[in-house]
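Accompanying notes for the structure given below.
Everything quoted here is computed from the prediction, not taken from an experiment.
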Amino acid sequence: MGKLQSKFRKRSELYRASQGEKADSPLDSQVLQYEPAHQGSINTVTNLSPDLCVSGGSDQAVVVYDWKQGQMCQSFLGHNREVTKVICYPGSTWIFSASRDKSVLMWDLNQGDEPIQEFCGHELVVNGLAISPDGRKLCTGSRDNWMCLWDIESAKCEQRHNVSRNLVTHVCWVPASSSIVQTSEDKTIRVWDSRTWQVTNTFPAKQYIQTHCDVSPNGNYLVSSSNGFGGQGSEATLWDLRLPGCKVVEYRGHVQTTACSMFLPTAPGATAQVATSSHDSSVKIWDQNTAVCLGTLSLDGAGPLVSLAPSDSTNLLCASFSSGLHHIRLDQGSHPAQGSGAASGDLDIRVVARF
């Protein structure tokens, strides 16, 4: 990895040296431009460690990037169609990537550039990936209506279940639990028991396709997001998992599909917050309990913003279709900002780097 870091460090330094020369606005001139992680649109981003993120996109690559230093660390090539989701197992160097090629590949940052495991069996694009809390099982979900449970060590499919019209869009494993939550294009949220591989709860169907979900670290809450058009739909919804199907609040304000909704890490004594990103090229931060919008960041020209990866209470990564990955900083207090990347609200939200 040292050689790769050295190689890309020089190119990143060139990008940093030249950034700002042709800035369109005062705000753009403050944004560092690092070596791009991908060629083309980016579909997914997640965290591998406090310094490293992993992303995947239309260029079929799975990229590990040091976003704090602005350095590419590794690029894994093994899929033959675009990458749809990436996840990592906390505290390890394991990376799992799903693709439109119907497969899931497992990589290890410390074991070369070839996949160390392959999970094949779906008939259509894989959109859902989740790892069990003990790191032994992998859950996958696809547009083929199948939810599958795999043994990671052997890559054997141990459980399969087909639910009619269950075009899976995202999958989350509930922390310290045997439960798995998944969203679907049939507008339904389902809860699975990984021991019996049966659906144990089905939430009331929403009006629009459910695009994404995330579970709070304590396992008590679920936030799901919805597609929509012209301000209809396009919301995120907070649910209480202890009371299945109990809707707590809705976060409304995006005018196009809300593609991603995530719980933000909460600093001691701070208000619990939720972040959403949308096809309307904006990121919004919400008070989790009151659904008040604390701030909006508009990324003009970035295209659909499809994936978020919060690193801590002040740093957030955002994947876009048109302008790569964005490192976003969240700070209490606001000040006027103009131009692309301007934020509004009580929270100061700004882009500090792109790559």
Review point. Do the side chains of Val191 and Trp197 join up, straight or via other hydrophobic residues, at under 4.5 Å, putting them in one cluster?
Key: no
Which of Ser224, Ser261, Ser184, Ser225 passes side-chain hydrogen bond (donor to acceptor under 3.5 Å, both in side chains) with Thr211? It is Ser225
**Q.** Main-chain N/O of Glu123 paired to Asp144 side chain as donor or acceptor, under 3.5 Å
**A.** yes
Hey, is CD on Glu158 packed in by over 12 heavy atoms from elsewhere, all under 6.0 Å?
yes
Per ring pair (Phe, Tyr, Trp, His ring centres under 6.0 Å), Trp107 is matched among Tyr89, Phe96, Phe76, Trp94 by Phe76
Indicate yes or no for a side-chain donor-acceptor contact from Lys187 to the backbone of Lys206 under 3.5 Å, with no hydrogens or angles considered. no
Test side chain to side chain donor-acceptor pair (under 3.5 Å) applied to Asp312 and Thr314, step by step:
CA-CA 6 Å; Asp312 51 43; Thr314 58; 3.1 Å; yes
> Sub-3.5 Å donor-acceptor pair from the side chain of Ser103 to the main-chain atoms of Cys120, do we have one?
Replying inline: no
Between the CD atom in Gln117 and the CG atom in Leu105, the distance rounded to the nearest 0.5 Å is 10.0 Å
- Give me the ring orientation class for His161 and Trp192: parallel if the planes are under 30° apart, tilted from 30 to 60°, perpendicular past 60°. perpendicular
Check your understanding: Distance-only, no hydrogens or angles: does the Thr257 side chain make a donor-acceptor pair with backbone N or O of His279 under 3.5 Å?
Key -> no
Q.
For the CZ atom on Arg242, are there more than 12 heavy atoms of other groups (residues, nucleotides or ligands in this structure) within a distance under 6.0 Å?
A. yes
Are any side-chain N or O atoms of Trp239 and backbone N or O atoms of Val223, one a donor and one an acceptor, separated by less than 3.5 Å?
no
Item to complete: Could you tell me whether a side-chain N or O of Ser277 sits under 3.5 Å from a main-chain N or O of Leu305, the two making a donor and an acceptor?
Response: yes
(message) Which label fits Phe119 and Trp150: parallel for a plane angle under 30°, tilted from 30 to 60°, or perpendicular past 60°?
(response) perpendicular
So, does Ser99 use its side chain to make a donor-acceptor pair with the main chain of Arg81 at under 3.5 Å? yes
**Prompt:** Does Thr169 offer a backbone N or O that forms a donor-acceptor pair with the side chain of Thr183 under 3.5 Å?
**Reply:** no
Only one of Ser226, Ser234, Ser282 passes side-chain hydrogen bond (donor to acceptor under 3.5 Å, both in side chains) with His254, and that residue is Ser282
- Message: Is it true that, when you exclude Gln39 itself, more than 12 heavy atoms of the residues, nucleotides or ligands shown sit nearer than 6.0 Å to its CD?
- Response: no
Examine distances only and state if a side-chain atom of Asp348 and a backbone atom of Asp331 form a donor-acceptor pair shorter than 3.5 Å.
-> no
**Prompt:** Can a salt bridge be assigned to the pair Arg190 and Asp186 using a cut-off of 4.0 Å between side-chain N and carboxylate O?
**Reply:** yes
